[in-house]
Amino acid sequence: MIVPFVDLQIQYRQIKSKIDGAMARVLDNSAFILGREVEAFEEAFAEYVGAKFCVGLNSGTAAIQLAMTACGVGAGDEVIVPANSFFATAEGVSTAGAKPVFVDADPVSYAIDAAKIEATITTRTRAIMPVHLYGQAADLDSIFEIAARRDLLVIEDAAQAHGSLYKGRRVGAVGAAGCFSFYPGKNLGAYGEGGAVVTDDAEVARRVRLLRDHGSERKYRHEVVGYNFRLEGIQGAVLGVKLKHLDRWNDLRRAHAARYAELLGEVATSGTLMLPREMPYARHIYHLYVVQVDGRDALQQALNAAGVQTGIHYPIPIHLQPAYATHGHSAGDFPETERQAGRVLSLPMFPELTDAQISYVAEQITRQML
Ligand SMILES: *Cc1c(COP(=O)(O)O)cnc(C)c1O
């Protein structure tokens with residue numbers, strides 16, 4: 001049996017007529033950039049997450065950059081980010097002109113360790129950017145408590161957490177701004193690049209809208225120097241169709257996670273395998289199903305040989321990336337993040353995964369480990 005890590009084709013086949021129809025509308029109207037389909041999606045997504053505004057962009061990385069700039073964070077400012085995330089979390093802070101300051105991961109939730117934030121705050125710190133890593137909300141109450149006391153903004157990286165809940169609230173709509181990616185493999189994925197900023201602040205939304213389109217609200221009149229970060233019409237149309245399925249797809253992911261936990265429970269209690277834990281404040285939507293194990297590389301190879309594709313998220317922590325060598329970090333600075341980088345393994349996870357496939361994956365892991 002072959003179990004792919006993700007399979008985007010099965011999903012497309014299931015909703016093909018709706019997707020093809022939506023794409024055809026864009027082609028018929030030649031509304032290739034922004035336009036009606038993008039506007040309709042922005043409205044629907046704002047309502048979905050519970051924010052007043054949504055501004056569609058051409059990537060999640062652009063969303064992070066523009067959210068920073070629109071919130072007034074830039075040159076000379078520091079932004080606290082987790083060392084354990086996809087590189088773009090820090091990258092978007094850097095391209096906005098600010099400096100990412102790294103914090104270690106929590107050993108249980110994998111997200112930023114809120115207890116370690118305060119020690120990194122300086123007079124230059126302007127914002128905290130929690131990442132709802134792998135689809136589970138970060139510890140927002142602790143983060144907001146620090147932010148309120150130290151007068152900092154909270155800007156969420158929700159690129160892996162479309163529909164994920166923190167104490168019943170959709171993430172992304174909790175902070176000053178929330179950043180989403182619609183990269184095809186995300187829980188809500190476009191058929192190309194895409195991203196969005198959501199916010200309740202009309203002025204932040206206006207600035208993001210301005211910056212995504214050459215600093216221009218009116219054609220050929222440019223108020224500021226901006227960017228070309230616009231969302232394409234086809235992506236807006238695709239996302240509008242797919243948004244209607246998101247809750248159902250997230251429920252399926254949750255059911256698959258529960259099934260993995262059931263089948264792998266025995267190996268986990270033997271102490272060699274650590275399963276993801278849903279935190280009491282969170283409703284996890286399992287963008288990734290990440291386990292931890294000693295001898296990760298050998299297990300990954302054995303699974304690969306058995307036809308089970310897995311991933312590592314992420315093998316090199318951000319503070320050890322060559323791109324941030326000038327920050328002067330070295331191995332040992334963030335021990336929990338570094339430990340996880342050597343032990344994490346992401347198992348196949350997508351809504352259309354079958355029970356036979358999950359059973360097969362669990363069987364192969366059990367065989368390797370017991
Ligand atoms: C995917 C991702 C991004 C970047 O999104 P792109 O659309 O690929 O630019 C940012 N942060 C996190 C945590 C992500 O997973």
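Numbering of ligands and ligand atoms starts at 1, following listing order.
Using a 4.0 Å cut-off to heavy atoms of T89, the atoms of ligand 1 that qualify are 11 (N), 13 (C). Here is the list of ligand 1 atoms found below 4.0 Å of a heavy atom in V131: 13 (C). Less than 4.0 angstrom separates some heavy atom of A88 from each of these atoms of ligand 1: 3 (C), 4 (C), 10 (C). Less than 4.0 angstrom separates some heavy atom of A159 from each of these atoms of ligand 1: 2 (C), 3 (C), 10 (C), 11 (N), 12 (C), 14 (C). Within ligand 1, counting atoms from 1 as listed, the ones closer than 4.0 Å to a heavy atom of S59 are 7 (O), 9 (O). Of all the atoms in ligand 1, the ones that sit under 4.0 Å from a non-hydrogen atom of G60 are 5 (O), 6 (P), 7 (O), 9 (O).
Heavy atoms of G194 come nearer than 4.0 angstrom to ligand 1 in at least one pair. Heavy-atom distances between S85 and ligand 1 reach below 4.0 Å in at least one pair.
Polar contact with ligand 1: absent for Y183 (N/O pair, distance under 3.5 Å). Between I64 and ligand 1, not a single N/O pair is under 3.5 Å apart. By the 3.5 Å distance cut-off applied to N or O atoms, S181 is counted among the residues near ligand 1.
Protein heavy atom at the shortest distance from atom 15 (O) of ligand 1 is Q160 NE2, 2.8 Å. Protein heavy atom in closest approach to atom 14 (C) of ligand 1: K186 NZ, 3.2 Å. The closest protein non-hydrogen atom to atom 13 (C) of ligand 1 is D157 OD2, 3.4 Å.
Ring centroids of F45 and F180 are separated by less than 6.0 Å, placing the two rings close together. The aromatic ring centroids of F86 and Y134 lie 6.0 Å or more from each other.
Ring orientation note: the planes of F182 and H162 are tilted relative to one another, at an angle of 30° to 60°. Using bins of under 30°, 30° to 60° and over 60° for the plane-to-plane angle, the ring pair Y324/F102 lands in the perpendicular bin.
Paired with V208 under the rule side-chain contact (heavy atoms from CB on, under 4.5 Å), one option of T69, L66, D201 passes, and it is L66.
Q357 contributes a side-chain N or O that, together with a main-chain N or O of T354, makes up a donor-acceptor pair within less than 3.5 Å. With hydrogens and angles disregarded, a donor-acceptor distance shorter than 3.5 Å links the side chain of R296 to the backbone of V344.
Counting heavy atoms from C-beta outward, Y227 and R212 have side chains that stay 4.5 Å or more apart.
With T61, N84, L288 as candidates, the residue nearest to atom 9 (O) of ligand 1 on a non-hydrogen basis is T61.
Seen from the ring of Y48, R170 counts as a face-on cation partner, given the 6.0 Å and 45° thresholds.
For the residue pair E193 and S59, no side-chain donor N or O sits within less than 3.5 Å of a side-chain acceptor on the partner.
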